Amino acid sequence: MTLTPAKSPTQGTTVTKPDVPRKTQRRKAFDFRRSNTGYVFLTPWMIGVVGLVCLPLLISLYLSFTNYNILGAPKWVGLENYIRLFTQDQRYVHSMLLTLGYVVVSVPLQLVSALAVALMLAPARKGQSLYRALFYLPSLLGASVGISITWRAIFDRDGAVPQFLASFGIPEQSWINNPGTVLWVIIALEIWKFGAPMIIFIAGLHQIPKELYEAASIDGAGPIRKFFTMTLPMLSPVLFFNLVMGVISSFQTFTPAQIVGDGNGGPTDSTLFYAVYMYQQAFQYQKMGYASAIAWIMLIVLGAVAALLFLTSRKWVHYAND
Amino acid sequence: MPTTSRRARRLAPLWRHLAFALVLAVILYPLLWMVLTAFKPTSEIIASAQLWPKEWTLGNFTTGWTFAGIGSFTTFLTNSAIIAVLSVIGNVISCTLAAYAFAKLSFRGSSIMFAMVIAILFIPKEVLLIPQYTIFHALGWTNSFLPLVVPQFLALDSFFVFLSVQFLRGLPKELDEAAVLDGCGPFRRLWHITIPLITPAIATTAIFTFIWSWNEFMPQLVYLNTPENFSVSVALRFFLDASSGSDLGPMTAVSLVSLLPLFILFVVFQRRLVEGSAMSGLK
């Protein structure tokens, strides 16, 4: 892709206000005409936002206070669904804790892998673009059902990984049917997809002025010191972006939980991810009201986590123009 | 590195390539396993730990193609392709229009609306799935492609709106201004001036939409209920349920086929994919 030089790749990761042309006296009449065209161009989007985002959010908020099985009319039950979730539904609490634990383990591991490889692939050298592409490939394929099936086969009994470990004397056993290990198989799959954050890290590393490193070298700073005092702070906006996106997407993990696990959250609820439980309640048991409460809590939790990250980010994210 | 000797410096690239090769071997192993296992007889998959097939066979593909007796894999591939292509058309048209409005036109409320584009980026799709299901159910659209395709015509994939807005802002204003002076309206400006200039952004939107749609699972599982409507993702899930793990050969073969379109896109567009991903954090 030919990018215009004025636009740097990392600018794609920052949120900026749209470019509203300054209104001049001369153009005022013209601007007015343009004004309506904007709405014409945005008509599909506005229909979508109202019909498929705002309205659904309100519907699901309403449904979360009802019992609803799609066939009959929703029956108002007040806060009952929410109370039941936290006081009587141990499987729900389990799915919440499991998912949070998964996020806390898998996202940092994935980001550390991504950053480590990005540091090696960022400098312009021969063959780097091929390496970048190959490391990126798993990110493209990893979300598919086909890869989850492969993952399952590799870690199952007689699969490649248990067989390989057996050659070191570790007893061969299925990692899939074992509630203690299956979650690690899914975490491994998440780490495997480190290519996407890696590419963003590389773009971020390219934004750091070379002069900084040269100056630091003259001052006698070693590579480790340079990494912690320069690279990491300069990279913190990109790290922050990757962290927020990673948390949001891994909280919604569904496909690998459904395919690598037994499809119902098992063995013994060890793959009962939040989204899996919501799916079960909504589309297997037809408890749409109950599932809506689960969905709204997800929205609130993710909103809270994002807010928390944004608040703490002031302490550790350094923007160049600060 | 001023402290290392010249000899070490000459050897450094070699070590680096060796390290990369080793890491890549681990990372790409599952894909290699997949390709080789797809061509092995099932008896050999179970009995032997050796990666390279002793005997090559196409039997897994023929067995897998009509696996579980619910239909031909051709149907599922066709369904997935229809959904993906319609999604691409929808996203390209609707996201380009929306992005053009945000980047190049001035109108009241544009900042608030753009903030909403960003907000939608953060709303988990799972949260919208249940209420959207009730809406599509009321419209009688369940068990069809409509719930999977119609939203794409409404510019709700904020990533692509955002990507195109960023791209459009990088274009020189002079061209647009000259066209305005020549009396060229917004639609003609979009079509004749902007579209040719933003083909990279459009191509990125198209490729990523295709990949996302092809990999999509939960919505397809919810909306596609009968085998003649199954997409590849849903069919594979069905295969997995129906098999007992003993059909590893056919299972792997159809999984491999399901990934082929993505492999092809990767080989053809790898530069664009990597750069597109760098621009706005797409996966």
Side-chain angles (χ1 to χ4, degrees), chain A residues 1 4 6-7 9 12-13 15 17-21 31 34-35 37-39 41-42 44-45 47-49 52-53 56 59-60 70 131-134 136-137 139-141 143-146 149-150 153-154 158 160 163 196 199-200 203 245 252 254-255 275 282-283 288 291-292 295 298-299 302, chain B residues 20 24 27 30 33-34 46 49 94 97-98 100-103 105-107 110-111 114 116 118 120 122 124 126-128 130-132 134 137 151 153-156 166 169-170 186 200 211 215 217-218 222 233 236-237 240 248 251 255 258-259 262 266 270 272 274-275 277-281 283:
Chain A
M1 185 193 300
T4 35
K7 281 285 143 191
T13 65
V15 178
K17 282 186 185 164
D19 201 9
V20 184
D31 268 347
R34 279 214 290 198
S35 158
T37 320
Y39 299 128
F41 279 45
L42 278 178
W45 179 80
I47 294 171
V49 168
L52 291 179
V53 179
I59 292 178
S60 94
I70 207 118
Y131 283 132
R132 272 173 220 164
L134 287 174
Y136 179 67
L137 179 61
S139 282
L140 286 186
L141 307 175
S144 65
V145 173
I149 286 176
T150 306
I154 289 176
D158 300 323
Q163 275 181 353
I199 294 294
I200 299 169
M245 285 327 213
Q252 300 174 55
F254 180 76
T255 308
F283 299 105
M288 294 283 178
S292 296
M298 183 195 224
L299 193 65
L302 281 179
Chain B
F20 280 149
L24 274 176
I27 287 175
W33 180 90
M34 206 176 180
I46 294 167
S94 66
L97 280 178
Y100 187 80
F102 284 122
L105 302 175
S106 80
F107 52 94
S110 70
S111 321
F114 194 67
M116 283 175 78
I118 303 300
I120 291 170
F122 291 94
E126 268 93 341
V127 173
L128 298 172
I130 296 168
Q132 285 183 352
T134 63
H137 184 81
F153 281 83
L154 302 175
L156 292 177
Q166 291 297 108
R169 287 207 199 123
I211 293 169
N215 282 341
F217 182 49
M218 204 210 258
V222 167
S233 300
L236 284 176
R237 160 86 249 181
L240 188 67
L248 207 52
M251 194 80 239
S255 295
S258 81
L259 295 182
L262 304 185
F266 174 75
Q270 45 143 317
R272 177 141 296 156
V274 168
E275 281 163 13
S277 176
M279 261 190 91
S280 67
K283 295 186 193 179

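Protein chains get the first letters and strands the later ones, always in sequence-line order, with residue 1 at the start of each. Bear in mind that the values here come from a model prediction, so they are computed numbers and not experimental data. Worth knowing before you read on, the calculation uses all heavy atoms, side chains too, and leaves out hydrogens, waters and symmetry mates.
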Given a strict heavy-atom distance threshold of 4.5 Å, which part of [X] is in contact with chain A: side chain, backbone, both, or neither?
X      : answer
B:S258 : side chain
B:I27  : both
B:E126 : both

Between [X] and [Y], which heavy-atom pair has the shortest distance, and what is it?
X      : Y      : answer
A:S292 : B:I130 : OG-CG2, 3.7 Å
B:P30  : A:T150 : O-CG2, 3.7 Å
B:W33  : A:A153 : CH2-CB, 3.3 Å
B:A101 : A:F41  : CB-CB, 3.8 Å
A:G146 : B:M34  : O-CE, 3.9 Å
B:S233 : A:V145 : CB-CG2, 3.7 Å

(message) Rounded to the nearest 0.5 Å, what separates atom CG in A:L302 from atom CZ in B:F122?
(response)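 Separation between the atoms: 11.0 Å.
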(message) So, taking the atom named OG in A:S144 and the one named CG in B:L262, what distance separates them when rounded to the nearest 0.5 Å?
(response)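 Result: 6.5 Å between the selected atoms.
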(message) Is any side-chain heavy atom of A:I47 closer than 4.5 Å to one of B:L154?
(response)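 Answer yes - side chains close enough.
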(message) Any heavy-atom pair between the side chains of A:F283 and B:M218 that's under 4.5 Å?
(response)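 No, too far: nothing below the 4.5 Å cut-off.
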(request) May I ask you to decide if the ring planes of A:Y131 and B:F20 are parallel, tilted or perpendicular, using 30° and 60° as cut-offs? (result)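 Tilted, since the angle between the ring planes falls between 30° and 60°.
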(message) Which label fits A:F254 and B:F217: parallel for a plane angle under 30°, tilted from 30 to 60°, or perpendicular past 60°?
(response)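 Rings of A:F254 and B:F217: tilted, as their planes differ by 30° to 60°.
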(request) Select, from B:R237, B:Q132, B:H137, the one with the greatest count of heavy-atom pairs under 4.5 Å involving chain A. (result)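 Maximum pair count with chain A is reached by B:R237.
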(request) Tell me, for A:I149 versus chain B, whether the close heavy atoms (under 4.5 Å) come from the side chain, the backbone, both or neither. (result)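 The answer is the side chain of A:I149.
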(message) Going by the rule side chain to side chain donor-acceptor pair (under 3.5 Å), which residues pair with B:S255 if we only count those two or more places apart in sequence or in a different chain?
(response)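 Side chain to side chain donor-acceptor pair (under 3.5 Å) list for B:S255, sorted by chain: empty.
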(message) Among A:L134, A:L52, A:T255, which residue has the highest count of heavy-atom pairs closer than 4.5 Å to chain B?
(response)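 That would be A:L52.
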(request) Considering only heavy atoms and a distance below 4.5 Å, find which of A:L141, A:L42, A:I59 pairs most often with chain B. (result)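 Ranked by contacts with chain B, first place is A:L42.
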